[in-house]
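Keep in mind that this is a model prediction, so the values were computed, not measured. Order of the sequence lines fixes the chain letters, A, B, ..., with proteins taken first and strands second; residue numbering starts at 1 for each chain.
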Amino acid sequence: EAQVTQNPRYLITVTGKKLTVTCSQNMNHEYMSWYRQDPGLGLRQIYYSMNVEVTDKGDVPEGYKVSRKEKRNFPLILESPSPNQTSLYFCASTRQGEAGANVLTFGAGSRLTVL
Amino acid sequence: GQNIDQPTEMTATEGAIVQINCTYQTSGFNGLFWYQQHAGEAPTFLSYNVLDGLEEKGRFSSFLSRSKGYSYLLLKELQMKDSASYLCAVCRLMEYGNKLVFGAGTILRVKS
């Protein structure tokens, strides 16, 4: 089954304790992206990757890091989490190349709480 | 930059028709998406418009006017399961490829 898999789905952590949210897709998609979703603000892009070893900042990158060493994986790293990073996180992927018709496939989401 | 506006909440009755509007201002416009998101779940694709006009897909239709920076999603014969958030997303053609920018979403409540 074609899918984007995120882990963990739920996590409660404390300020400053490094954590990684994994994301893996099995569709051979070039493009992958991380979003956070907060009430009233919609989905905001954190980082994206056009292909292996090609990553760039989205609209809200502060406090996050990513890497893209393999095509299928795109982990999101919070080096020193803070309470304002409490949010619902989504990873998504799509093919690149077809102008405009890049339908994103989303993972199930990771709900993160930083105390 | 970009600006995407859609109503925060709407309520409609089962069996009725509802129209969810989305207005946008953006550069490099390369199409508009509608996604549906049930509470606590991932967004799922509903429709994509790049040319002006109406696209119909079963009970759901989506309309686009590029000159007016306006789109709407029309849901007919509403069912309780249509209670969800509906996200308008504008596709922008950037130097590196396409970028999707989401509106804040419209929460639709369907009542019996």
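- Following chains of ILVMFWY side-chain contacts shorter than 4.5 Å, one cannot reach A:Trp34 starting from A:Val4, and the two form parts of different hydrophobic clusters.
- Going from atom OH of A:Tyr48 over to atom CG of B:Leu100 covers 13.5 Å, rounded to the nearest 0.5 Å.
- To the nearest 0.5 Å, the span separating OH on B:Tyr35 from CG on A:Leu104 amounts to 4.0 Å.
- Residues B:Leu87 and A:Val103 are members of one and the same hydrophobic cluster, defined by side-chain heavy-atom contacts under 4.5 angstrom among Ile, Leu, Val, Met, Phe, Trp and Tyr.
- By the neighbour-count criterion of 12 heavy atoms within 6.0 Å, atom CD of B:Gln19 is densely surrounded, having more than that number from other residues, nucleotides or ligands.
- Taken together through direct or relayed side-chain contacts under 4.5 Å among Ile, Leu, Val, Met, Phe, Trp and Tyr, B:Leu75 and B:Ile107 form parts of separate hydrophobic clusters.
- Here the closest non-hydrogen pair linking B:Ala104 and A:Gly40 is CB-O, 3.6 Å.
- No chain of hydrophobic side-chain contacts below 4.5 Å, direct or via other Ile, Leu, Val, Met, Phe, Trp or Tyr residues, connects B:Phe63 to B:Leu108.
- A salt bridge links B:Lys99 with A:Asp59: the distance from a Lys NZ or Arg NE/NH1/NH2 to an Asp or Glu carboxylate oxygen falls below 4.0 Å.
- Of residues 107-115 of chain A, those residues with a non-hydrogen atom less than 4.5 Å from any non-hydrogen atom of chain B are, in numerical order, A:Gly107, A:Ala108.
- No continuous path of ILVMFWY side-chain contacts below 4.5 Å connects A:Tyr64 to A:Tyr35, so the two sit in separate hydrophobic clusters.
- Here the closest heavy-atom approach between residue B:Ala42 and residue A:Phe90 is recorded as CA-CE2, 3.5 Å.
- For the atom pair CD of B:Gln37 and CZ of A:Phe106, the computed distance is 8.0 Å after rounding to the nearest 0.5 Å.
- Only the backbone of A:Leu41 comes within contact range of chain B, judged by heavy atoms closer than 4.5 Å.
- Once rounded to the nearest 0.5 Å, the distance linking CD of A:Gln37 with CZ of B:Phe102 reads 9.0 Å.
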